[in-house]
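The block underneath contains the structure these notes are about, expressed in structure tokens.
Convention: sequence-line order gives letters A, B, ...; per-chain numbering from 1. All figures in this text were calculated on a predicted structure; none of them were measured in a lab.
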Protein chains: 2
Amino acid sequence: MRENDLERYIDKIKQMHAKITPQRIEILKIFLSNQEDHLTTEEIISRLSDSKTGQATVYRTLELFCQAGILKKVNFKNEDFARYDLLDLDSKHFHHHFICTQCEKVIEINEDLLEPIEEQIQKEHHLVITNHELIFRGICQDCQNKSDINE
Amino acid sequence: MRENDLERYIDKIKQMHAKITPQRIEILKIFLSNQEDHLTTEEIISRLSDSKTGQATVYRTLELFCQAGILKKVNFKNEDFARYDLLDLDSKHFHHHFICTQCEKVIEINEDLLEPIEEQIQKEHHLVITNHELIFRGICQDCQNKSDINE
DNA sequence: ATCCGTGCAAAATCTTTGCATCTCG
DNA sequence: CGAGATGCAAAGATTTTGCACGGAT
């Protein structure tokens, strides 16, 4: 299944009329095996086995992958560097995220739930909505438990 | 009413135990008279009448205002510089935004509509949700009309 | 064989910091 | 008066770019 996914992501590179290079494959595999994380450029560089790969290549590859619809650049925590999230091949919309304001943990939320709201807003504001980004902030379960103990 | 608002935002600075300086007042007024925009640091600097005000002061003031709950740093368009949005004094949550993928126009959406969804997600994922950020992407009315004409 | 991609280093851009001076409370 | 704010310039950090070389199709 994962191998199959890899092929499908590679097809997305081909659709951009871009070449399939070892560097691109390796970066793609890094994302496929770290689907829970939201890796930074630096983290990707440190995970590259071939230390000869230049950082410029990484930056250029991430940009390509964003254009190809493979990755989405995110910045949940107002950091001054980018993170990237692997897009799902089968879902029409970007998934939601919850960020804990205490521990900064990021939790992915895969239910969509937004369609009725989008219909209402489209009608009222005369818009055509094609995608969305929804971030919730609050306290995760672990941090709720921690503060219970302290009381 | 606007003067009254100014006082209320000034109170937020005081709540931070920070001093009320001419530079801070002027930057605050710039946001109060440009509520529709999402100004960049550079745009704020160019609007300052007192050209002696240093850019470091502007950066430090914007940071202070974010901590005070006066501004929110936003980056809808994946630009490599920050923009700031004035927070409403009376609403509990951050308002939503629609960004046109063709003309990059930003439209503010003040209906909340998210409360039932938040309740559902809180229960299912055992979270406490305190705020949210929701961005819609699509085609604005103007751009819809433009493409109708071209057909 | 031809483009496109890569690697290296330098450049560019936005933002932060150090320090002396000034000013609000 | 004293802690905090400002202005200037320099430093920091991430990302982009130029160019010669190498590799994919």
Side-chain angles (χ1 to χ4, degrees), chain A residues 6-7 9-30 38-68 70-84, chain B residues 6-7 9-30 38-68 70-84:
Chain A
L6 180 59
E7 289 304 326
Y9 283 111
I10 288 174
D11 284 343
K12 292 222 158 217
I13 301 176
K14 288 180 182 163
Q15 283 163 26
M16 297 293 289
H17 305 287
K19 290 177 180 169
I20 310 303
T21 66
Q23 292 88 340
R24 288 175 180 172
I25 300 293
E26 190 177 9
I27 292 172
L28 196 43
K29 283 184 176 170
I30 288 171
H38 301 86
L39 299 174
T40 65
T41 313
E42 205 190 321
E43 286 167 342
I44 292 154
I45 291 170
S46 75
R47 279 170 166 76
L48 287 169
S49 62
D50 179 1
S51 58
K52 288 191 293 299
T53 302
Q55 61 161 26
T57 299
V58 178
Y59 278 101
R60 284 184 283 226
T61 300
L62 295 175
E63 170 64 19
L64 172 71
F65 285 6
C66 287
Q67 285 178 15
I70 295 171
L71 297 177
K72 175 148 179 48
K73 204 183 216 178
V74 294
N75 190 354
F76 303 134
K77 306 179 190 172
N78 279 328
E79 296 163 318
D80 48 2
F81 42 83
R83 291 180 180 274
Y84 294 85
Chain B
L6 180 59
E7 290 303 326
Y9 283 111
I10 288 173
D11 284 343
K12 293 221 155 218
I13 301 175
K14 288 180 182 164
Q15 284 163 26
M16 298 293 289
H17 305 287
K19 290 178 180 170
I20 309 303
T21 65
Q23 292 90 339
R24 289 174 179 174
I25 299 292
E26 190 179 8
I27 292 172
L28 195 43
K29 283 184 176 170
I30 288 171
H38 301 86
L39 300 174
T40 66
T41 313
E42 206 190 319
E43 287 168 342
I44 293 153
I45 291 170
S46 75
R47 280 170 165 76
L48 287 168
S49 61
D50 178 1
S51 58
K52 286 190 295 299
T53 302
Q55 61 161 26
T57 299
V58 177
Y59 277 101
R60 285 185 283 228
T61 301
L62 295 174
E63 169 65 21
L64 171 72
F65 284 7
C66 286
Q67 285 178 16
I70 295 171
L71 297 179
K72 174 148 180 48
K73 205 184 218 178
V74 294
N75 190 354
F76 304 133
K77 306 179 191 173
N78 279 328
E79 297 163 318
D80 48 0
F81 42 82
R83 292 181 179 274
Y84 295 86

With DNA chain D as reference, determine whether Lys73(A) or Leu64(B) sits nearer its 5' end, using the nearest nucleotide of each. Leu64(B)
Considering only heavy atoms, which members of residues 11-24 of chain B lie under 4.0 Å from some atom of DNA chain D?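 Within this stretch, Ala18(B), Lys19(B), Thr21(B), Gln23(B), Arg24(B) sit under 4.0 Å of the strand.
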Just the rounded figure in Å: distance from [atom2] of [N] to [atom1] of [X].
X        : N       : atom1 : atom2 : value
Ile45(A) : dT6(C)  : CD1   : P     : 13 Å
Asn78(A) : dT16(C) : CG    : P     : 11 Å
Glu43(B) : dT15(C) : CD    : C1'   : 17 Å
Ile25(A) : dG5(C)  : CD1   : P     : 13 Å
Asp80(A) : dC14(C) : CG    : C1'   : 10 Å

Close side-chain approach of [X] to [Y], heavy-atom, < 4.5 Å:
X        : Y        : result
Asn75(B) : Asn75(A) : no
Thr53(B) : Ile45(B) : no
Lys29(B) : Ile25(B) : yes
Leu28(A) : Ile13(A) : yes

Can you give the first and last nucleotides of DNA chain D, 5' to 3', that have an atom under 4.0 Å from a heavy atom of chain A? dT14(D) to dT25(D)
Given Tyr84(B), which partner from the list Thr41(B), Thr40(B), Leu39(B), Val74(B) fulfils the side chain to side chain contact (heavy atoms under 4.5 Å, CB included) test? Thr41(B)
Is atom CD of Glu42(A) surrounded by more than 12 heavy atoms (other residues, nucleotides or ligands) closer than 6.0 Å?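 Result for CD/Glu42(A): open.
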Has Lys52(B) got more than 12 heavy atoms of other residues, nucleotides or ligands less than 6.0 Å from its NZ? no
What pairs with Ser49(B) under side-chain hydrogen bond (donor to acceptor under 3.5 Å, both in side chains), at least two apart in sequence or on another chain? Glu26(B)
Between Thr57(A) and Phe81(B), who's closer to the 5' end of DNA chain C by nearest nucleotide?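 Nearer the 5' end of the strand: Thr57(A).
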